[in-house]
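Everything numeric here is computed off the predicted structure, so don't read it as measured data. So that the names make sense, note that chain A is the first sequence line, chain B the second, and so on, each numbered from 1.
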There are 2 protein chains.
Amino acid sequence: MLVRAIHEAALAELVDVGLGQLGMEGIARRASTAKTVLYRRWASTHELVLDALAQAHPVEVPTPAANDLRADLVAALVLLTDWMRTPAAAAVSAILAERERHPGLVEALYRRVFDPRGATFTTTVLRHYADNGRVDARRLTPITTQIGEALVFKLAIDLGRTPNAEEVAAIVDEALLPALGI
Amino acid sequence: MLVRAIHEAALAELVDVGLGQLGMEGIARRASTAKTVLYRRWASTHELVLDALAQAHPVEVPTPAANDLRADLVAALVLLTDWMRTPAAAAVSAILAERERHPGLVEALYRRVFDPRGATFTTTVLRHYADNGRVDARRLTPITTQIGEALVFKLAIDLGRTPNAEEVAAIVDEALLPALGI
DNA sequence: GTGATAAGATACGGCATCGTTTCTTGAAGG
DNA sequence: CCTTCAAGAAACGATGCCGTATCTTATCAC
């Protein structure tokens, strides 16, 4: 489908040249179409990108097994790293990087893409175990629920690549579980 | 001094328009000088920005008191949040955001600005206490030494502002100290 | 006072993108 | 077969940045 090709081209172009250099001309080139076609449908590159992200494959949701906290946490964070390797994630990070310069775009991104998709990765797991009494609910603070994601992001920045399964396991063992009192 | 004004203008312009839109023309406008002056000294906007960052005020170094681990960790992270509020930090984040698109620039940034400045914030403190035997040295892994910084960055992203002293203290109490076995 | 140097202003041709307009091509539906 | 509508191609004037060249002005050293 034409629209699908344009969506993919928009995200790929965004990742390649960055939000600051993103233009209809470049997207049209990459999609092998004419920019007339783009202007007929979208008023700006920002709207086009938001549309592309809204149509992108949704993120998988962790399904806790309820009897192995450590494995469920690792699985949730591996889901996160898997998503981080998708083109959509690269596009999202290119947008979030420019939060200061385009606050409206970031806000629209949350409203149209993220908010309709519930909670974050480890939070889903942690709430599940807290409901079962296997984790002290008082330990679930705005800090502790972010440890896993925070370290995944930090390692991704420092290493220049997304953490692998062993590194994710180390995050769970060395940082997350201790903070839960385990 | 003229060069100083140009350096400040370069960083301010970078933060305002982003690395993708950064141009000599804009920097010259902001510094109230002529393009000619810039081209006489610097070959590209990237070199100019690197120069500006190398000249920027260096980051303060934590000085552990050696008898209060918690207070020293909080102080180290507060130093980090203080630095994050400087124009230089905003410029650095604008550059790191485009790591994928300008790897050479990021590499030069590390080589010319960061590497000459030793270790990170909490690491300095943690190594100090490990040397004194007050912290189990085996607990100092590539993961645990990054917990503080990782959560400061994550909170900064999620909140859209740099964490305050109470939030930093919560990071230390709820995540960092437990991971150290305390 | 004179000479040297850099700041600063202006203009240049070249080029790319902007958003729009016009026209051609092509495929589907009746 | 023929009509219709969107895709696609090409060109438009406008704008702005590129990097350079030219010329004037201001500030020093001597």
Side-chain angles (χ1 to χ4, degrees), chain A residues 1-55 90-91 94-95 97-98 100-106 108, chain B residues 1-56 90-91 94-95 97-98 100-106 108-109:
Chain A
M1 208 222 288
L2 175 67
V3 174
R4 175 131 204 130
I6 294 174
H7 280 158
E8 283 172 15
L11 296 188
E13 182 76 4
L14 169 57
V15 172
D16 257 33
V17 305
L19 194 56
Q21 304 271 14
L22 187 64
M24 289 295 199
E25 209 122 0
I27 299 173
R29 254 197 307 273
R30 191 181 284 258
S32 300
T33 184
K35 58 178 175 169
T36 327
V37 180
L38 304 185
Y39 278 109
R40 265 198 277 269
R41 264 183 256 253
W42 297 280
S44 69
T45 57
H46 288 188
E47 299 222 6
L48 172 47
V49 165
L50 283 174
D51 225 45
L53 285 174
Q55 302 294 326
I95 293 176
E98 309 250 1
E100 304 278 319
R101 279 166 297 275
H102 305 278
L105 178 62
V106 174
Chain B
M1 208 223 289
L2 174 67
V3 175
R4 174 135 204 127
I6 294 174
H7 280 158
E8 284 171 13
L11 296 187
E13 183 77 3
L14 169 57
V15 172
D16 257 34
V17 305
L19 193 56
Q21 304 271 10
L22 186 65
M24 288 295 199
E25 209 123 357
I27 299 173
R29 256 198 305 273
R30 190 182 285 258
S32 300
T33 184
K35 261 198 313 187
T36 328
V37 180
L38 303 185
Y39 278 109
R40 266 199 275 270
R41 265 184 253 254
W42 297 280
S44 69
T45 57
H46 287 188
E47 299 223 5
L48 173 46
V49 165
L50 283 174
D51 224 45
L53 284 174
Q55 301 295 326
I95 292 176
E98 309 251 1
E100 305 276 322
R101 280 167 293 277
H102 305 277
L105 178 62
V106 174
L109 176 66

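Rounded to whole Å, the distance from CD on Gln21(A) to P on dA16(C) is 13 Å. Going from atom CH2 of Trp42(B) over to atom C1' of dG19(D) covers 17 Å, rounded to whole Å. Regarding Arg30(A), its CZ atom lies at a distance of 17 Å from the C1' atom of dT17(C), rounded to whole Å. Computed from coordinates, the Leu38(A) CG to dA6(D) C1' distance equals 13 Å when rounded to whole Å. Atom CD of Glu25(A) and atom P of dC15(C) are 16 Å apart (whole Å). In this structure, Glu13(B) atom CD and dG16(D) atom C1' are separated by 14 Å, rounded to whole Å. For the pair Tyr39(A) OH and dG19(C) P, the interatomic distance rounds to 3 Å; values are reported in whole Å.
The residues Arg29(A) and Glu25(A) are annotated as not salt-bridged, no charged nitrogen and carboxylate oxygen being separated by less than 4.0 angstrom. Salt-bridge formation is detected for the pair Arg30(A)/Asp16(A): a Lys NZ or Arg NE/NH1/NH2 atom is positioned less than 4.0 Å from an Asp or Glu carboxylate oxygen.
Here the side chains of Met24(B) and Thr45(B) are in contact, with some heavy-atom distance below 4.5 Å. Val49(B) places none of its side-chain heavy atoms less than 4.5 Å from the side chain of Leu19(B). Between Leu48(B) and Glu13(B), every side-chain heavy-atom pair lies at or beyond the 4.5 Å cut-off. Looking only at side-chain heavy atoms (C-beta outward), Val3(B) and Arg41(B) come within less than 4.5 Å of each other.
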Within the sub-3.5 Å range, which N or O atoms of nucleotides 7-12 of chain C have a protein N or O partner, and how far apart are they?
| residue | atom | partner | partner atom | Å |
| --- | --- | --- | --- | --- |
| dA7(C) | OP1 | Arg41(B) | NH2 | 2.1 |
| dA7(C) | N7 | Arg40(B) | NH2 | 2.9 |
| dG8(C) | OP2 | Thr33(B) | OG1 | 2.9 |
| dG8(C) | N7 | Arg40(B) | NH2 | 3.2 |
| dA9(C) | N6 | Thr36(B) | OG1 | 3.0 |

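A close approach under 4.0 Å does not occur between any side-chain nitrogen or oxygen of Arg29(A) and OP1 or OP2 of dG8(D).
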